[in-house]
Every structure is written in structure tokens, then in C-alpha cells.
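Everything numeric in this text was worked out from a predicted model, so none of it was measured.
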Amino acid sequence: MLRRFLGPVLLLLTLAGCAGDNEWASDDLVARARYVHDGPPMITLFTVINNKSDGGAHSALMINGSQRVLFDPAGTWHHPHLPERHDVHYGITDPAVYFYIDYHSRVTYRTIRQDLVVSPEVAEMALRMVQENGSVNKAMCTTTVSRMLRQLPVPGFETLPQTLWPNKLSDAFRELPGVVEEVTYDDDPEENGYILARGIAPL
């Protein structure tokens, strides 16, 4: 499915779930990784769902503002060429987005991507919010994401639930005007252990 972006860098695949970290990339690495996407200012909610139980496993946010970053609170996703500071990953090019989705999508999990165009001011507010948040504790991914979204001055965001449950947040986000949704299924086996990732240039 997204195999054309897979290749020589081995990364341990321990799916989804939430397991915080204390990564803090240097100023130089963060500056060099900066990626400005030419699309509109946007907030993207990612939700990982268990295909067997339909239970939510993880929530994350991608923000396209003056640069595009991925806020993956207490997540396990990592790429050696994408510097991270307290759950914020920099250098989120299109191949990086595809890799993130592919990492989570497998025979037992699917990934929902929900995009919403926002004003440049809102995108910058969201960007500052995730950068200032700090590392998120285990199992608090959706609680953190839902709290942040509710603080943004976007019509309807104030009605989003403050919740622990990824499905509940995704279902409410889906109802907002202008949301575009895409669901990715993949047939990677649950027990494949390792995946290969390419298409993301070294810094």
C-alpha cells in the first residue's frame, strides 16, 4: 500500500499505544529539519483504531503552520532523520506523513486521518501550544490532544469532548464543518516486528 516509501532503515515496530519519552533534539537539528508545506494552514487529527475491538489505541496531531510538525504525545513512532523535542517531531514532509500512517496501520489496526483547514493564526497558536506542552505521560495522548483542541478559537472546537478515549474525540471531530477524512487499512502482519523506512533524507 505505502510500500514505495519503505526501504533500508530498520526501525523497531512496537505499535501505537502511548509510551512517553524525554527526547530533546539540538537547536541545529531542529532548524535543519524545518519543513514548510505549501498546503493551507491545517490541523490534522490522527486516530489509531483496533480492527478487532474497534477500540481506540492512540491520538496525535499534525499542524501545518509556519512549518509542519507532528505532535505524537506519548507515542512510539520515531525516525532517526526527524528530530524530536518532547513529543513534537520536526521535518514532517509528505514521505514522513506516509511513514507515520504506515507505521500504525497493519492487519490489526487502521489509521484515521482527519484534516481541517484553519486560519494561519490558529495554526500558529496550535504550533506554539504543542511546542510548549512538554512530554506527555503514558496513556494521556487523547486527554492531551483533546484539551489542546478545545483551547483553539475554532468554531465547534469548544464542543469537543475532554476525553481519554480516541474514538470519542475522532467521532466528535468528524462532525465539524469542513473536516476531510481518510482511513488507511494495511495487511502488514501484527507480528512482523520490523519495518523498513526510506524516502526521508538524512539531515
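Salt bridge Arg110/Asp54: present, at least one basic N to carboxylate O contact under 4.0 Å. The pair Arg68-Asp38 does not count as a salt bridge, with every side-chain nitrogen at least 4.0 angstrom from each carboxylate oxygen.
Clustering ILVMFWY residues whenever any of their side-chain heavy atoms sit less than 4.5 angstrom apart, transitively, puts Leu152 in the very cluster that holds Ile63. No continuous path of hydrophobic side-chain contacts links Leu45 to Val117 [ILVMFWY only; heavy atoms under 4.5 Å]. Hydrophobic clustering of Ile, Leu, Val, Met, Phe, Trp and Tyr side chains at less than 4.5 Å, counting indirect connections, keeps Met42 apart from Leu70.
Between Val88 and the choices Val69, Leu61, Val30, the side chain to side chain contact (heavy atoms under 4.5 Å, CB included) rule is met once, by Val69.
The minimum heavy-atom distance linking Ile49 with Ile112 is given by the pair CG1-CD1, 3.9 Å. The two residues Leu82 and Gly91 come nearest to each other via the heavy atoms CD2-O, 3.2 Å.
Taking the six-membered ring where tryptophan is involved, the planes of Tyr35 and His37 are tilted, since the angle between them lies from 30° to 60°.
In this structure, the ring-ring contact (aromatic ring centres under 6.0 Å, His included) partners of Tyr100, at least two apart in sequence or on a different chain, are Phe46, Trp77, His104. For Glu181, the salt bridge (Lys or Arg N to Asp or Glu O under 4.0 Å) partners two or more places apart in sequence, or in a different chain, are Arg174.
With rounding to the nearest 0.5 angstrom, the CE atom of Met62 is 11.0 Å from the CD1 atom of Ile43.
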